[in-house]
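Below is one structure, written out as structure tokens; the observations come after it.
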Amino acid sequence: MKKEMIKRAGAGILSGVILAAALSCSLSGCNTVQNQTEHQTEQKTEQEVSQAAQGENQVSGIEFRLQYPQAMWQGLNLTYADYGNEEEFERKFHNAVQKITGLTGNADWYTKYNPKAVYIRVLIKIADMSYRSIGGQCDLPIVDAADGLFTTVYMDKDMQEAGQPTLEHELTHMICGETFSNSLMDGLAEYCERQVTGKSNSTFSVYPADDLLKVIEKYNAAEEEAGVTGKISLEEIMDKIGAGEKEYPYKDVSKEANHLWYIYSESFVTWLINTYGMEKVMDLYNNGQSEEDYEKLETGGYAAVKEKWKTYLSEYEQQNSTEDILAEQEVIAQQIKEIKLR
């Protein structure tokens, strides 16, 4: 029997943060079920929402009707963003959907929510989400009408103004939906984010084990300084990555530990795709019900897959030095600091 669907699917991690002192954590997620009351509220306030212009909104077989809270665009400073206005954002949105559906092969993704859907109404909200310590969130689509769907995509204002990618992560959750493993969901979202934008909110993607160990050391040192007891080990994380975890394993500890989870999820899923191919990985994602289904990829299941991944990490040739990556993150952190000071 398939496990209870996971309530949250995470989002990208703020790329400028790997130390407790660098910047506050930003995670994101997707809600399994949009509460009907919330949907009714959205419908009641529809008159307060500006409808995006129609036209080239037909993407991957379905029409996107983008909407925004009134005056949202007037309150944004897009100096560092990769879009400068509503029109450019919509081009970015449609391009991301097209590329993600192409990458994952989920061109008819919307039919699982409503087989008769010909449009999807998407409410875009860019606002302060720091109070929830997340960088973005995507509600899974619900039926809007006999031939339609509705969803809401939330993105943190500071991250958008700093030019950090979160939209692609959230759209991956919308397009690919849920699976039995949080690490597969977040790892795939981070993978697609990097493939579409060329960057990610995770500080590291697939770098060798010695660099990843350095990151763990930094996290552990920051935890100790903050008075958090217990150490996070490479082996501990590898035992949880890919597993059928209903909840995030580090959700009750510091935000930095959650970052580590996303970093390893992206690393793991990227390696899975490069090793076994997207088609097999998406078969596991779409049809897998538990960790046992890693047999679809490797005889011996997840235990065998994990050992191959560990061997790969230990042998991988470093492409970027830790120092170069950290220097890049400092630039991004400074941009966010400047934005907050304005």
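There is a side-chain donor-acceptor pair under 3.5 Å between Tyr83 and Gln160. With no hydrogens or angles considered, no side-chain donor-acceptor pair links Ser181 and Thr179 at under 3.5 Å. Under the 3.5 Å distance criterion, with hydrogens and angles disregarded, no donor-acceptor pair is assigned to the side chains of Ser265 and Glu190.
With hydrogens and angles ignored, the 3.5 Å screen pairs a side-chain donor or acceptor of Asn114 with a backbone N or O of Gly148. In terms of modelled atom types and a separation under 3.5 Å, the side chain of Asn85 and the main chain of Glu88 share a donor-acceptor contact. Here the side chain of Tyr294 pairs no donor or acceptor atom with the backbone of Gly288 at under 3.5 angstrom. When atom types are taken as modelled, the side chain of Tyr285 and the backbone of Gly177 share a donor-acceptor pair closer than 3.5 angstrom. Of the possible polar contacts, none joining the Thr101 side chain to the Ala107 backbone as a donor-acceptor pair under 3.5 Å is found. Between the side chain of Asp156 and the main chain of Met159, a donor-acceptor pair closer than 3.5 Å is present. A side-chain donor-acceptor contact under 3.5 Å links Asn286 to the backbone of Met282. Between the side chain of Thr111 and the backbone N or O of Asp108 there is at least one donor-acceptor pair closer than 3.5 Å.
Taking CG of Asp147 as the reference point, atom CD of Glu63 lies at 10.0 Å (rounded to 0.5 Å). Taking CG of Leu171 as the reference point, atom NE2 of His94 lies at 10.0 Å (rounded to 0.5 Å). Once rounded to the nearest 0.5 Å, the distance linking CZ of Phe268 with CG of Leu184 reads 6.5 Å. Rounded to the nearest 0.5 Å, atoms OG1 (Thr104) and CG (Leu188) are 7.0 Å apart. The CD1 atom of Ile126 sits 4.0 Å away from the CE atom of Met72 when rounded to the nearest 0.5 Å. Taken to the nearest 0.5 Å, the CD1 atom of Ile175 stands 4.5 Å off from the CD1 atom of Ile100.
Counting only heavy atoms from C-beta outward, the side chains of Thr172 and His169 never approach each other to under 4.5 Å. Annotation: side chain of Lys99 is not in contact with side chain of Gln195 (no heavy-atom distance under 4.5 Å). Side-chain atoms of Pro69 and Leu123, non-hydrogen and from C-beta on, do get closer than 4.5 Å to each other. In this structure the side chain of Ile120 reaches within 4.5 angstrom of the side chain of Met174, judged on heavy atoms. Contact of the Phe89 side chain with the Ile124 side chain is registered, since non-hydrogen atoms from C-beta on lie closer than 4.5 Å. Counting only heavy atoms from C-beta outward, the side chains of Met155 and Lys125 never approach each other to under 4.5 Å. At least one side-chain heavy atom of Asp139 sits less than 4.5 Å from a side-chain heavy atom of Tyr154. Within the 4.5 Å cutoff, the side chain of Tyr119 has heavy atoms near those of the Asp144 side chain.
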task = Please test Val305 against Tyr276 for side chain to side chain contact (heavy atoms under 4.5 Å, CB included), starting from the C-alpha separation and ending with a verdict.
result = CA-CA 10 Å; Val305 169; Tyr276 301 102; 3.9 Å; yes
ask   = What's the verdict on side chain to side chain contact (heavy atoms under 4.5 Å, CB included) for Trp73 and Leu78, showing C-alpha distance, side-chain angles and the deciding distance?
value = CA-CA 9 Å; Trp73 292 105; Leu78 301 175; 4.3 Å; yes
Derivation and outcome, side chain to side chain contact (heavy atoms under 4.5 Å, CB included), residues Glu178 and Leu140 = CA-CA 9 Å; Glu178 295 177 322; Leu140 293 184; 3.7 Å; yes
query = Could you walk me through whether Trp109 and Ile62 pass the side chain to side chain contact (heavy atoms under 4.5 Å, CB included) check?
reply = CA-CA 10 Å; Trp109 59 272; Ile62 189 168; 4.3 Å; yes
request  = Go through Phe64 and Phe93 one step at a time and tell me if the ring pair (Phe, Tyr, Trp, His ring centres under 6.0 Å) criterion holds.
outcome  = CA-CA 10 Å; Phe64 284 88; Phe93 181 99; 5.3 Å; yes
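Between Cys138 and Glu170 the shortest heavy-atom distance is N-OE1, 3.4 Å. Shown here for Glu161 and Gly75, the closest heavy-atom pair between the two residues is OE2-O, 4.0 Å. Closest approach of Val281 to Leu297, counting heavy atoms only: N-CD2, 4.3 Å. When all heavy atoms of Ala117 and Tyr110 are compared, the pair lying nearest together is O-CE1, 3.9 Å. Between Leu167 and Val153, the shortest heavy-atom contact is CD1-CG1, 4.3 Å. Across all non-hydrogen atoms, the minimal contact from Met278 to Leu103 is CG-O, 3.2 Å.
Between Asp128 and Lys157, none of the side-chain N atoms (NZ, or NE/NH1/NH2) sits under 4.0 Å from a carboxylate O, so this pair counts as no salt bridge.
Shown here are the salt bridge (charged side-chain N to carboxylate O under 4.0 Å, His left out) partners of Asp283, two or more places apart in sequence or in another chain: Lys296. Residues meeting the salt bridge (charged side-chain N to carboxylate O under 4.0 Å, His left out) test with Asp82, sequence neighbours left out: Lys92.
Applying the salt bridge (charged side-chain N to carboxylate O under 4.0 Å, His left out) test to residues at least two apart or on different chains, the pairs with a partner in residues 299-308 are Glu235-Lys306, Asp239-Lys306, Glu298-Lys308, Glu307-Lys310.
The 12-atom threshold is exceeded at NZ of Lys112, counting heavy atoms of other residues, nucleotides or ligands nearer than 6.0 Å.
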